2 protein chains.
Amino acid sequence: MKTVTIKDVAKHANVSKSTVSQYLNKRYEYMGEETKKRIERAIEELGYQPNIVARSLKQKSTSTIGVIVANILHTFSTQVIRAIEDACHEKDFHIIVCNADDNPDKEKKYIDMLRAKQVDGLIIFPTGGNRELYERMVSEKYPVVFVDRSVSEIPIPAIMLDNVKAAKIAVQHFVEKGYERIGMITTSIIRNVTPRVERLTGFQQALQEHQLPVVQDYIKSLDPHQIREGLNEMLSLKEPPQAILAGNDLVLAEILNYAKEQHIQIPDDLALIGIDDVSYASFYNPPLTTIAQPTFDMGKKAAEMLLQKIQDADVKEEGHIYRFEPKLMMRESC
Amino acid sequence: MKTVTIKDVAKHANVSKSTVSQYLNKRYEYMGEETKKRIERAIEELGYQPNIVARSLKQKSTSTIGVIVANILHTFSTQVIRAIEDACHEKDFHIIVCNADDNPDKEKKYIDMLRAKQVDGLIIFPTGGNRELYERMVSEKYPVVFVDRSVSEIPIPAIMLDNVKAAKIAVQHFVEKGYERIGMITTSIIRNVTPRVERLTGFQQALQEHQLPVVQDYIKSLDPHQIREGLNEMLSLKEPPQAILAGNDLVLAEILNYAKEQHIQIPDDLALIGIDDVSYASFYNPPLTTIAQPTFDMGKKAAEMLLQKIQDADVKEEGHIYRFEPKLMMRESC
DNA sequence: CTGTTAGCGCCTTCAG
DNA sequence: CTGAAGGCGCTAACAG
């Protein structure tokens with residue numbers, strides 16, 4: 001497998017390397033029809049494939065962007081990745097996806113590695129644990145956009161759901177259905193993950209707006225494996241909640257699991273709304289009422305913004321947070 | 001953002017480029033403690049990051065492999081990708097994932113592009129529509145391994161489920177539960193996608209082994225959007241099947257959707273087994289009996305084999321098909 | 001319209 | 001133990 005280079009093609013076609021290079025880059029302007037044909041044939045016969053690595057080195061651009069998700073297990077992440085990929089594909093960009101596992105160290109490692117690989121920009125679902133690094137990228141004007149979460153004081157644009165609104169819509173719906181004792185469970189908020197905090201805030205605000213008491217026993221932020229226990233506590237209260245808002249798809253799955261084990265009827269024994277429109281929502285028994293995020297639009301926007309920044313060097317809209325609208329998918333679990 | 005190179009570090013540390021290079025590659029052998037420290041400091045102060053692209057060009061190896069899945073929508077694909085990623089991560093390899101959408105043209109495009117990007121090897125869920133290309137890679141001894149599907153006559157190792165067995169296990173279970181009129185639905189087999197064909201074969205064989213008639217009206221291979229209609233036909237027969245085997249997760253979802261709409265009770269009106277252990281299987285109502293694939297093991301094996309081939313140039317085990325055992329997850333839909 | 005000449009950033013002999 | 005020189009494959013002026 002002797003790799004055939006531009007030089008071989010040149011020799012084979014009886015022209016110089018640069019002429020071939022021109023051809024490859026479609027700068028046909030001053031090129032003779034004849035020459036063009038010859039080069040074409042040579043490429044064909046030799047089975048030549050340009051070496052993108054070499055080209056990248058020269059051009060200082062790899063047409064590749066890195067995507068670092070905090071946790072690939074969320075349906076949200078996978079859907080957004082799909083959308084990013086689609087958008088990039090149109091512009092002939094490629095993506096390298098990495099999963100930081102909600103771990104700042106891993107995140108740092110991936111940022112370093114992707115930059116070493118010379119990706120042209122980064123889309124990050126930030127863990128929030130690498131402020132210095134984020135700052136350095138900003139000061140170096142390296143193209144970055146955040147998704148799902150933002151990091152306070154860091155002027156990097158972020159694509160986010162209107163989380164407060166999402167929670168409010170849920171509460172609103174619960175209230176309309178006549179529920180008064182409403183709880184909420186989210187995954188852990190130790191590192192102040194924006195969406196969780198915001199959803200919690202929105203939840204409490206909504207309760208107040210509806211003149212409902214904010215019962216701390218009805219509100220829990222736990223790691224997935226602690227959720228069953230938390231639920232157990234919550235539902236063992238003398239006055240347990242009648243309805244629960246699941247902060248994301250993972251929480252929802254845990255609740256559903258628990259409900260099944262304990263033979264809890266949904267929505268009769270417990271009403272449920274989940275944030276994130278899971279794949280099985282529509283055909284679950286009962287169909288699950290959810291708050292959907294416009295994942296596709298969000299991913300697309302993220303990709304477009306990044307590609308924009310990559311081209312225009314400095315578009316000045318740093319630090320802005322772009323909010324997307326949550327949507328109630330009314331089904332039967334509430 | 002003036003990119004800092006090895007040269008800058010060298011100057012800053014008062015040594016030559018090659019010394020720095022040695023340092024970077026941990027060839028400390030003949031290097032003075034003193035020098036080492038100086039270089040270390042210089043790197044630190046300048047915030048130097050080696051340029052992997054340049055290194056790759058020189059070393060003709062990118063420590064990156066490409067993964068081309070036929071259809072990213074399958075849970076199977078995503079899980080295998082996860083496993084591949086994990087395995088590669090251990091060996092400091094990175095992956096670039098592409099989705100061929102079951103389209104040979106896209107597949108070709110991605111293969112070309114990934115090779116142009118100089119990835120060190122490829123893991124492909126082959127569409128089967130690019131024989132010449134597969135063959136060329138074989139003859140060039142380019143490292144490739146197939147997953148999920150194999151391509152006849154192409155000596156590229158393939159990691160596959162024992163599909164025949166998977167179908168047989170399902171039928172066996174149906175029979176044990178007393179069902180006799182058993183049907184099966186798979187996604188389209190126009191391009192002879194191995195797993196589908198094999199599962200169908202296994203299904204029919206199993207029926208015969210159990211002395212059950214093979215009723216063609218009970219067997220359908222359709223595109224996802226045609227499934228509801230196909231089901232409709234099947235269940236409108238004078239003697240409709242009492243049980244159906246869903247060929248994969250997408251088919252299962254369609255059936256579940258249909259069942260919900262038509263108020264078909266599972267398993268009372270219709271028993272169900274799905275191949276692929278979907279995320280919601282355990283907490284669906286009723287919990288879904290499935291045939292699980294050892295996705296993690298399969299992905300891991302694929303990655304290990306490929307990395308092996310990348311290192312050892314030519315390990316001679318081409319063309320072998322590695323079969324993995326399906327596992328019955330007995331729950332309540334059958 | 002085509003060839004010559006320099007590198008991109010790094011690694012690798014091979015002399016000092 | 002360290003520096004100089006050459007080259008990976010490709011692009012980009014700049015001359016012809």
Side-chain angles (χ1 to χ4, degrees), chain A residues 1-40 42-43 46-64 112-120, chain B residues 1-40 42-43 46-64 112-120:
Chain A
M1 176 182 160
K2 58 338 148 188
T3 125
V4 19
T5 83
I6 202 172
K7 191 181 193 174
D8 301 314
V9 178
K11 195 179 306 169
H12 200 86
N14 255 309
V15 296
S16 80
K17 289 194 307 174
S18 55
T19 309
V20 178
S21 178
Q22 312 246 60
Y23 171 85
L24 292 175
N25 293 287
K26 310 208 189 306
R27 302 199 94 325
Y28 302 132
E29 334 201 330
Y30 305 113
M31 195 174 301
E33 262 311 312
E34 167 60 13
T35 330
K36 207 150 78 179
K37 283 266 188 294
R38 279 218 312 285
I39 295 179
E40 203 157 349
I43 288 181
L46 270 45
Y48 168 75
Q49 290 268 141
N51 180 329
I52 295 189
V53 172
R55 184 200 314 230
S56 298
L57 176 58
K58 182 72 194 181
Q59 298 189 152
K60 294 161 166 319
S61 150
T62 51
S63 294
T64 302
D112 287 346
M113 168 244 130
L114 288 169
R115 294 206 53 184
K117 257 183 157 11
Q118 313 298 113
V119 297
D120 297 341
Chain B
M1 175 182 162
K2 62 330 146 199
T3 126
V4 19
T5 83
I6 204 173
K7 191 183 197 173
D8 302 312
V9 177
K11 195 179 307 170
H12 199 87
N14 254 309
V15 297
S16 81
K17 291 193 304 175
S18 55
T19 309
V20 178
S21 178
Q22 311 247 59
Y23 171 86
L24 291 174
N25 293 287
K26 311 207 190 306
R27 301 199 96 322
Y28 302 132
E29 332 200 330
Y30 305 113
M31 194 175 302
E33 262 310 312
E34 167 59 14
T35 331
K36 207 150 78 179
K37 283 267 188 292
R38 280 217 311 285
I39 296 179
E40 202 157 349
I43 288 181
L46 270 44
Y48 168 74
Q49 290 268 141
N51 179 328
I52 295 189
V53 172
R55 193 208 310 259
S56 298
L57 176 58
K58 183 71 194 183
Q59 298 188 155
K60 294 165 168 317
S61 150
T62 52
S63 293
T64 302
D112 287 345
M113 169 244 129
L114 288 168
R115 294 206 55 184
K117 257 183 154 19
Q118 312 298 113
V119 298
D120 297 341

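Atoms considered below: every heavy atom in the structure, side chains included; atoms not considered: hydrogens, waters and symmetry mates. The structure presented is a predicted model; accordingly, all values stated were derived computationally and were not measured. Naming: A, B, ... by sequence-line order, numbering from 1 per chain.
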Point to revise | Nearest listed nucleotide, side chain of Thr19(B), among dT2(D), dC8(C), dC8(D) | key: dT2(D)
Review point. Where the side chain of Ser16(B) is concerned, which of dC8(C), dT2(D), dC8(D) is the nearest nucleotide?
Key: dT2(D)
Separation of atom [atom1] in [X] from atom [atom2] in [N], rounded to whole Å:
X	N	atom1	atom2	result
Lys117(B)	dG9(D)	NZ	P	18 Å
Lys11(A)	dG9(D)	NZ	P	12 Å
Lys7(A)	dA6(C)	NZ	P	16 Å
Tyr23(B)	dC1(D)	OH	P	16 Å
Gln49(A)	dG9(D)	CD	C1'	14 Å
Ile43(A)	dC10(D)	CD1	C1'	13 Å
Gln59(B)	dG9(C)	CD	P	17 Å
Asn14(A)	dC1(C)	CG	P	19 Å

Check your understanding: About how many Å separate OG1 of Thr62(B) and CD1 of Ile52(B), when rounded to the nearest 0.5 Å?
Key ->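 Nearest 0.5 Å value for the CD1-OG1 distance: 9.5 Å.
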**Study point:** Closest contact, heavy atoms only, Val4(B) versus Gly47(B)
**Key:** CG1-O, 4.2 Å
Under the rule for side chain to side chain contact (heavy atoms under 4.5 Å, CB included), what residues qualify as partners of [X], not counting sequence neighbours?
X	answer
Lys17(A)	Ile6(A), Lys7(A), Ala10(A)
Ser61(A)	Ser63(A), Asp120(A)
Gln59(A)	Arg55(A)

Review point. Lys17(A) near the nucleic acid: base, sugar-phosphate alone, or nothing, with a heavy-atom cut-off under 4.0 Å?
Key: base
Exercise for review: Would you classify Thr5(B) as touching base, sugar-phosphate or nothing, given that sugar-phosphate means primed atoms plus P, OP1 and OP2, and contacts are heavy atoms under 4.0 Å?
Suggested key: sugar-phosphate
Using a cut-off of under 3.5 Å, enumerate the N/O to N/O pairs linking the protein to nucleotides 13-16 of chain D.
none

Short side-chain N/O contact to [N] OP1/OP2 from [X], under 4.0 Å:
X	N	value
Asn51(B)	dC8(C)	no
Lys58(A)	dA6(C)	no
Tyr48(B)	dC10(C)	yes

Exercise for review: Report yes or no: do Thr64(A) and Lys117(A) form a side-chain donor-acceptor pair below 3.5 Å?
Suggested key: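 No, no side-chain donor-acceptor pair sits under 3.5 Å.
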Check your understanding: Do Thr19(B) and Ser16(B) have side-chain N/O donor and acceptor atoms under 3.5 Å apart?
Key ->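 Yes, Ser16(B) and Thr19(B) have a side-chain donor paired with an acceptor closer than 3.5 Å.
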Check your understanding: How would you list, by chain and number, every residue that makes a salt bridge (charged side-chain N to carboxylate O under 4.0 Å, His left out) with Lys11(A), sequence neighbours excluded?
Key ->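 Applying salt bridge (charged side-chain N to carboxylate O under 4.0 Å, His left out) to Lys11(A) gives none.
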Review point. Would you call Gln118(B) and Asn51(A) a side-chain contact if the rule is heavy atoms closer than 4.5 Å?
Key: yes
Practice item. Evaluate the side-chain proximity of Ile43(B) to Tyr23(B): yes if any heavy-atom separation is below 4.5 Å, no if none is. Key: yes
Point to revise | Upstream residue (5' side of DNA chain D) when Val20(A) and Arg38(B) are each assigned their closest nucleotide | key: Arg38(B)
Review point. More 5' along DNA chain D: Thr35(B) or Leu57(B), using each one's nearest nucleotide?
Key: Thr35(B)
Review point. Bend across the helix from dC1(C)-dG16(D) to dG16(C)-dC1(D), to 10°, with axes taken over 5 pairs at each end?
Key: 40°
